[in-house]
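Structure record follows, encoded as structure tokens.
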Amino acid sequence: MTATKDPKEQGPTTATATKAQPGQKNGSAGGLMKRLRRSASVTEHNLSSLRDRKSTQNLFDQHGNPIDLRQYRKVLDKDENGNGTSEKKLRYRRTQSVTRAEEITNKEAKQRKAQPDKPIHRPRDSLFSWSSGFTNFTGLVNWGFLLLCIGGLRLGLENLLKYGVRINPIDWYFFVSGRNEGEGHNALLLIIYSLVHISLCLAVEKGLALEIISEGLGMVIQTINIIVSVCLPVVIIHLKGSAFSIMGATTVCFYYSVLFLKLWSYVQTNMWCRKTYYQRQPRERRPSISLAELKRKHPNSSDDDEEITKLVQYPENLSYKDILYFLCAPTLCYELNFPRTSRVRKRFLLKRLLEVLIGVNVLMALFQQWIIPSVRNSLIPFSNMDMALATERLLKLALPNHLVWLCFFYLLFHSFLNAIGEVLNFADRNFYCDWWNANNIDTFWRTWNMPVHRWCVRHLYIPVVQMGYSSRQASTIVFLFSAFFHEYLVSVPLQTYKIWAFLGMMGQIPLSAISRYIERRLGPRMGNIIVWASIILGQPLCIMAYYHDYVVTHFQNALNSTDHS
């Protein structure tokens, strides 16, 4: 296809003009470019496209003669003022050199293939080299998994031959029920008492909505109520520790920790809604409209609109039904309108319940058969600071502890929370993300426990940043908050007030910096290895430390009688 000449433009445009040499002065460069523009095809009327064009194919003048852009390259490399740009020349030279190198390589390859010796070699890297681009290591993953299973089977067989069968469901029943440990049902009574904190929280919110209670007084009452709710188990268990079993005290502390976070979210969310509600102008109640009047105003509206659920507005949400649903829902962040499912999937619910039932028994068996003997045998080496033997016990405990932790994660965050969500028609099931692919510690803590992460971001991190603190200071406050509750959930039930869990959580801050440095210098794979190593080795070390302190605190004589063979 050839370009048609614009009748408005004057002056001849011939093939001779297009073949003029570009070595002209700047004064005639503009005229040459005009002739080039006129001679080029319609799609190549732009100078920038001519500069970037690498091929001269389908580029003809008005007489059908092909145009060779190489003759006009010096002119094209000049800007609108006629000044040459070194950047364009450099880019052009680099493009030419790359193209030239590819041409030489392809020509050599063709010449080698044409030789009579039938060559089979070509330039390529070994598969284990990063430059090879090879990523399919599925066979090695299968090999590692099989080797891990064989090693675990050997350790399990060794444990069975050494300790015999230690699995006894009756002992677990006694432990869970608190039989022969506590007195009465104190844990259950303390959980029922939490209704007082819940009712007080709801009553204050209703008073604030009706403006019976001032905003300042209401916030003071809510703050005291929430703090007392988390401090009450500490005082009761400390004063009457013998009346609680370990399992009962752990359940109470876990329940009140969740209640603390949920009441905080409930109060803060209603405060946000209340501020918006008070800002509405005018603040008058709208007259209610009957369904008949609505249909008269909108006669063409279909009956399908009746099926659309009306969103709950503040302060209609302040009811026992609403707050009790939130307390039972598998989330820590309160909303007036949660996403809901349309039905309960019975088959899905049955699978999750079976997983919980079978998984709990597997956890109990692993504890009785594997973890308890390993923890007991670590007491003497850990107490005597025998580093070699203590390290051996740590590594021996790492595998069963890690298996228990993985099973616990699956049962809690997938099976149990999905079952609760299915029963309550709770639609948001994002309880965890792909933490196993985390390349640094920060990513792990942001992905493995999504309910807690979302609560920390929504109710702690963002408000602290909005108060004027930096993101690093806000992150430190979040870690301090998390460290407190980790210590709370361990020290209070054991009545062994140490700081190992607190230090372990605060140690995540420098470990996070180390993991990010390793990720930058050695790649994401090494960062992921650091994350896994901290999980596998950090937890058994903490368990050994707390077991040692628990025995020293409550069973001093056990140090002299524990078998550590």
What are the two closest heavy atoms between V252 and P233, and how far apart are they?
-> CG1-CB, 3.9 Å
For residues N225 and H197, report the shortest heavy-atom separation together with the two atoms involved.
-> OD1-ND1, 2.9 Å
Donor-acceptor pair, distance only, cut-off 3.5 Å: does the side chain of [X] make one with the backbone of [Y]?
{"X": "S515", "Y": "I441", "value": "yes"}
{"X": "Q508", "Y": "G504", "value": "yes"}
{"X": "K262", "Y": "L332", "value": "no"}
{"X": "S265", "Y": "L261", "value": "no"}

Compute the centroid of each ring, for [X] and then for [Y], and state whether the two points are separated by less than 6.0 Å.
{"X": "W405", "Y": "W532", "answer": "no"}
{"X": "W435", "Y": "F409", "answer": "yes"}
{"X": "W455", "Y": "F481", "answer": "yes"}
{"X": "F502", "Y": "F484", "answer": "no"}
{"X": "H459", "Y": "W272", "answer": "yes"}

Any side-chain donor-acceptor pair under 3.5 Å between [X] and [Y]?
{"X": "E205", "Y": "Y266", "result": "no"}
{"X": "R525", "Y": "N439", "result": "no"}
{"X": "N270", "Y": "N317", "result": "yes"}
{"X": "H414", "Y": "Y432", "result": "yes"}
{"X": "D322", "Y": "Y334", "result": "yes"}
{"X": "Y314", "Y": "T276", "result": "no"}

Non-hydrogen side-chain atoms of V492 and H238 separated by less than 4.5 Å = no
Tell me, do S257 and L489 make a side-chain contact under 4.5 Å, heavy atoms counted?
->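 The answer is yes; the side chains approach within 4.5 Å.
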Going by an N to O cut-off under 4.0 Å, is there a salt bridge joining [X] and [Y]?
{"X": "R274", "Y": "E215", "answer": "yes"}
{"X": "R516", "Y": "E519", "answer": "no"}
{"X": "K346", "Y": "E422", "answer": "no"}

Inspect the surroundings of OH in Y325 and state if more than 12 heavy atoms from other residues, nucleotides or ligands are less than 6.0 Å away.
-> yes
W143 CH2: over 12 foreign heavy atoms closer than 6.0 Å | no
Pick from F431, F413, W436: which one makes a ring pair (Phe, Tyr, Trp, His ring centres under 6.0 Å) with W448?
->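 Among F431, F413, W436, the one meeting ring pair (Phe, Tyr, Trp, His ring centres under 6.0 Å) with W448 is F413.
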